[in-house]
Protein chains: 2
Amino acid sequence: MQIAILLYEGLTALDAVGPYEVLSRLPETSLRFVARQSGLKRTDTAGALALNADYSLEDVPHPDILVIPGGMAGTFAAAKDQLVLSWIQAAHATSQWTTSVCSGALLLGAAGLLKGLTATTHWAAQAALEQYGATYLPERFIQHGKLITAAGVSAGIDMAFYLAAQIAGPEMARAIQLEIEYDPQPPFDAGSLQKASQTTIDLTRQLLQQQAAQEQARMAQRAHKS
Amino acid sequence: MQIAILLYEGLTALDAVGPYEVLSRLPETSLRFVARQSGLKRTDTAGALALNADYSLEDVPHPDILVIPGGMAGTFAAAKDQLVLSWIQAAHATSQWTTSVCSGALLLGAAGLLKGLTATTHWAAQAALEQYGATYLPERFIQHGKLITAAGVSAGIDMAFYLAAQIAGPEMARAIQLEIEYDPQPPFDAGSLQKASQTTIDLTRQLLQQQAAQEQARMAQRAHKS
């Protein structure tokens, strides 16, 4: 069972690392981080972290499981990258599971995989998602056959446990849950639009705007350098 | 506010990336990944992922916040590395917060910071932790002044939200929670020894043993090559 997780400049690290931490523990699987070009990809928090793509897209044309993480400016750039979209389409044609986390759903949408379907993504990306012909629902994750879209960032962890159970059975999923002590005890309860106060929502929108502007500037500077 | 997250060969990725995804979103902070030597550090799941340390330990001698992740064979190796332990001791002397996730507590223990204290770690590392004079408790995280130890892997996310609230107030912590949609909905409920069945516990111990053996072999091969 081969798992491919897509990396690209400006991704959100936890979108990729959450599912990786669960799925890489499944027996008899090999997990590969892939990108348009192999090498370091910096994440969307001022580039503070770089994850390495050991493989390029052509190295892993037909993974059994495809995981597409999201990001900010980086996702919008990747959604215009025909090479990335063609790889997603070809991989999806033969995959057992095709999944996205957060705004990674926009890449599935841009590849034409979500037309006419209900799907989920980061709550702030719902309008962008619907431009691809999908209907946004505020669920933790949504499955249609072998396609699963998960909500923002941390939702990839919950989706990965569901997927682990589909692949290796619920007892294996439970063992991996105990292995990574996934017994969440958030000290606050503001993790969805439904649970957050208006004050929290306003502050979050402000943070997202500031970070998106910073990230756009970083990506532009990077493009200028190369 | 400068945050340093320690990387080393064989770390558990989510131990580092969970807190990073929360703390890097705090306003007016700079977050740096540091290691004995800068460069790529491979994680403890067959080395499938490599995170980059942009800085070496001497580049970041006095971070305000110190985050020490865990791992398997890698943590035991790091706990014998006098350079790493001296850095932890010196950084702790001037830090505002000194924290560990999972078996990262063993590094705080080896640095002599946990003697006579209650502390937590991955449930499978409790005996190893107590060799350093600490008393293990099965809590999500435990605070003594500026010292916080968190339980296994995913517990670093909960600890980071607590820390975010101490640093920037609960409203900022809630905004970051909404930003990363941290509204956990695990499809199973086996994330602690107290909640898991004996069947799950036995299977998990078996997985941990297999992975530890693989990881030791990978580290030995690596040492042989270099």
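What you see is a predicted model; the values in this text were computed from it and never measured.
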Looking at [options], which one has more heavy-atom pairs under 4.5 Å with chain B than the rest?
options                         : answer
Ser192(A), Ala16(A), Cys102(A)  : Ser192(A)
Asp183(A), Val153(A), Leu193(A) : Asp183(A)
Ala124(A), Ala46(A), Ala175(A)  : Ala175(A)

Does the ring centre of Phe161(B) sit less than 6.0 Å away from the ring centre of Phe188(A)? no
Can the ring centroids of Tyr55(A) and Phe33(A) be said to lie less than 6.0 angstrom from one another? no
Before you tell me yes or no, could you show the steps for Ile68(B) and Leu66(B) under side-chain contact (heavy atoms from CB on, under 4.5 Å), namely the whole-Å CA-CA distance, both residues' side-chain angles and the distance that decides it to 0.1 Å? CA-CA 7 Å; Ile68(B) 311 290; Leu66(B) 194 60; 4.0 Å; yes
Pick one of side chain, backbone, both or neither for [X], based on which atoms fall under 4.5 Å of a heavy atom in chain B.
X         : answer
Gln185(A) : both
Ser30(A)  : neither
Tyr20(A)  : side chain
Met159(A) : neither

Which region of [X], side chain (C-beta onward) or backbone (N, CA, C, O), has a non-hydrogen atom less than 4.5 Å from a non-hydrogen atom of chain A, or is it both or neither?
X         : result
Leu7(B)   : neither
Arg205(B) : neither
Leu40(B)  : side chain

Relative to chain A, which of [options] shows the most heavy atom pairs under 4.5 Å?
options                                   : result
Ala50(B), Ala196(B), Ser197(B), Pro184(B) : Pro184(B)
Asp44(B), Asp189(B), Asp15(B), Ile176(B)  : Asp189(B)
Leu49(B), Leu203(B), Ile5(B)              : Leu49(B)

When you check the gap from the basic side-chain N to the acidic O, do Arg174(A) and Glu179(A) get nearer than 4.0 Å? no
Supply the atom-to-atom distance Leu23(B) CG to Met1(B) CE, rounded to the nearest 0.5 angstrom. 10.0 Å
Distance (rounded to the nearest 0.5 Å) between Gln166(B) CD and Lys146(B) NZ: 15.0 Å
Assess whether salt bridge (Lys or Arg N to Asp or Glu O under 4.0 Å) is satisfied between Arg218(B) and Glu9(B), documenting all intermediate values. CA-CA 10 Å; Arg218(B) 192 181 68 82; Glu9(B) 192 63 26; 3.1 Å; yes
Please tell me whether Asp202(B) and Thr199(B) have a donor and an acceptor in their side chains that are separated by less than 3.5 angstrom. no
Between Thr200(B) and Glu171(A), does the side chain to side chain donor-acceptor pair (under 3.5 Å) criterion hold? Intermediate values first, please. CA-CA 7 Å; Thr200(B) 299; Glu171(A) 205 43 72; 2.5 Å; yes
